[in-house]
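I have placed the structure first, in the form of structure tokens, so that the comments after it can refer back to it.
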Amino acid sequence: MTDDRELFDILDRELERQNTTLQLIASENFASKAVLAATGSVLTNKYSEGYPHKRYYGGNAIVDEVEDLARRRVCELFGAQHANVQPHSGANANLAAYLAVLDPGDTVLGMRLDQGGHLTHGSPVNISGKFYNFVSYGVTDSDERLDLDQLEALAKQHRPKLIVAGATAYPRIIDPAPIRAIADSVGALFMFDAAHIAGLIAGGVHPNPVGVADIVTFTTHKTLRGPRGGAILCKAELASAVDKAVFPGLQGGPLEHVIAAKAVAFREASTAEFAAYAAQIVTNARALAAGLAGEGFRIVSGGTDNHLMLVDLRSFDAELTGKVAQEALDRSGITLNKNTIPGDPRSAFVTSGLRIGTPAVTTAGMTEAEMAHIARLIAAVLRAPDDGALAAEIREEVGVLCSKFTPYP
Ligand code: DSN
């Protein structure tokens with residue numbers, strides 16, 4: 001197929017890494033072969049600015065079928081009135097949603113980055129925080145859960161045009177209903193960023209914000225297990241504004257090969273098998289959190305309702321940072337990321353916590369017994385993070401474990 005060994009040898013090594021080490025990054029997953037095939041298809045060759053049946057270039061009749069199929073499937077999956085499947089990423093989907101309903105300088109409520117929110121929810125270093133007047137809410141000190149009282153008080157004080165819910169590092173269910181009520185009480189629009197939990201919603205294990213929120217954005221590659229990309233669902237009355245914001249507002253030619261892969265993923269996510277997968281993600285996350293708690297780690301908010309947990313390392317070892325832990329675990333074949341925890345005294349580059357997710361290992365077929373094993377491996381590494389010989393031993397044990405659960409045999 002190719003004589004470009006220089007590049008494809010590198011890809012072979014990445015395949016080997018994914019097959020032989022533990023992937024515990026909460027936002028990652030293993031897409032199916034059908035998703036990979038669509039992503040690697042000839043649709044990458046086609047320019048199709050515009051939308052189905054209204055394109056700027058010729059030759060798009062077949063592309064139109066692909067994009068129509070993706071839009072129809074995702075609307076059916078989530079019960080949406082309108083879908084835009086063109087956003088290249090979750091960040092682009094969020095920015096397009098803002099562009100659709102806000103003017104520069106408008107006030108928006110979003111979750112604080114260091115309490116679980118996302119960069120695009122108003123961080124000062126992101127365009128969202130530069131172009132719009134974001135005011136941040138967070139979690140309570142007492143139970144580390146979304147502080148709805150604070151959200152309501154800030155909404156009354158600042159009268160935002162938009163309230164953004166959703167998170168990138170928050171382990172609990174986010175119920176859209178009370179946030180809708182707060183938005184209504186101040187006349188705000190309500191956007192739900194479901195990037196992390198789209199697969200849990202599709203699988204019926206988390207409440208569906210579609211129909212409750214005015215706009216729902218999400219990524220297709222996390223719990224939803226599709227190709228890397230984003231999407232927007234909205235009420236019919238916002239369809240035209242959302243479409244105009246994505247193109248020509250923000251993006252150029254859509255990635256129709258990725259849209260084809262999104263269509264594949266939406267079909268996969270509509271099956272009973274996927275619902276069982278989504279439930280197992282949460283079962284596994286709870287088992288892993290319980291195993292880690294048993295090893296002496298404090299789990300932020302006391303547990304998890306979704307695909308991830310935040311681990312406070314200080315109860316295990318007051319000196320251990322997320323940075324050191326991430327690097328030590330990486331050397332041992334356990335891939336995850338350092339993360340700030342609510343009220344973290346350390347910076348985002350150092351942190352006192354880890355974020356650990358179960359979507360990928362669940363796709364690989366692991367269940368509660370493997371979660372207990374992984375908890376023991378993590379604790380063993382972190383008891384002696386500088387021990388190179390121990391890292392090599394654990395790396396071998398991880399390899400044996402992964403050989404029984406290989407995502408791409
Ligand atoms: N990088 C994604 C995550 O890990 O949550 C969000 O942008």
Side-chain angles (χ1 to χ4, degrees), residues 18 21-31 87-98 110-130 134 136 138-139 146 164-174 191-201 206 209 216-232 250-251 258 262 265 281-282 285 288 300-301 304-311 322-323 325-326 329-330 334-342 344 348-349 351 353-363:
Q18 292 188 20
T21 59
L22 283 167
Q23 308 310 318
L24 294 169
I25 290 180
S27 46
E28 293 182 355
N29 213 328
F30 300 119
H88 301 332
S89 66
N92 275 24
N94 287 350
L95 195 52
Y98 301 151
M111 195 170 192
R112 261 173 62 177
L113 181 62
D114 63 353
Q115 305 241 326
H118 189 246
L119 269 176
T120 58
H121 298 178
S123 162
V125 297
N126 182 260
I127 186 170
S128 57
K130 291 184 195 293
F134 266 83
S136 299
V139 296
L146 188 57
V164 178
T168 189
Y170 179 70
R172 295 298 180 175
I173 283 178
I174 301 176
M191 168 181 146
F192 195 109
D193 178 348
H196 266 258
I197 57 167
L200 303 181
I201 296 165
H206 270 224
V216 175
T217 59
F218 61 98
T219 55
T220 46
H221 52 275
K222 297 188 174 89
T223 50
L224 198 63
R225 210 164 64 181
R228 189 154 292 276
I232 305 175
L250 188 62
Q251 297 187 164
V258 178
K262 288 174 184 172
I281 291 176
V282 179
L288 184 51
V300 169
S301 84
T304 177
D305 301 325
N306 61 19
H307 61 300
L308 67 82
M309 66 219 67
L310 287 175
V311 177
K323 182 173 188 291
Q326 177 186 310
L329 289 162
D330 219 9
I334 300 173
T335 307
L336 43 67
N337 64 279
K338 63 179 183 280
N339 215 98
T340 50
I341 52 173
D344 203 323
F349 292 104
T351 83
L354 296 175
R355 187 185 67 163
I356 310 182
T358 54
V361 288
T362 306
T363 295

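Just so you know, residue 1 is the first one in the sequence shown, and it goes up from there. Indexing begins at 1, ligand by ligand and atom by atom, following the structure's order. As the structure is a prediction and not an experimental result, all values here were calculated from the model.
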For this session: Could you list which atoms of ligand 1 come closer than 4.0 Å to a heavy atom of H196?
Result: 3 (C), 5 (O)
Exercise. Does the side chain of V139 reach to within under 4.5 Å of the side chain of R112, using non-hydrogen atoms?
Worked result: no
Problem set entry | Nearest-option assignment for atom 5 (O) of ligand 1, heavy atoms, candidates D193, N337, L119, T168 | T168
Exercise. Would a 4.5 Å heavy-atom cut-off, applied to side chains only, mark R228 and S89 as touching?
Worked result: no
Exercise. Any side-chain heavy atom of L146 within less than 4.5 Å of one from M111?
Worked result: yes
For this session: With I281 as reference, evaluate T363, L308, I197, T362 under the side chain to side chain contact (heavy atoms under 4.5 Å, CB included) test and give the passing residue.
Result: T362
Exercise. So which bit of E28 gets within less than 4.0 Å of ligand 1, heavy atoms only: side chain, backbone, both or neither?
Worked result: neither
Exercise. To which protein heavy atom is atom 1 (N) of ligand 1 closest, and what is the distance rounded to 0.1 Å?
Worked result: S27 OG, 4.3 Å
Exercise. For ligand 1, which atoms have a heavy atom of H118 less than 4.0 angstrom away?
Worked result: 6 (C), 7 (O)
Exercise. Any luck finding a side-chain donor-acceptor pair between H196 and T168 under 3.5 Å?
Worked result: yes
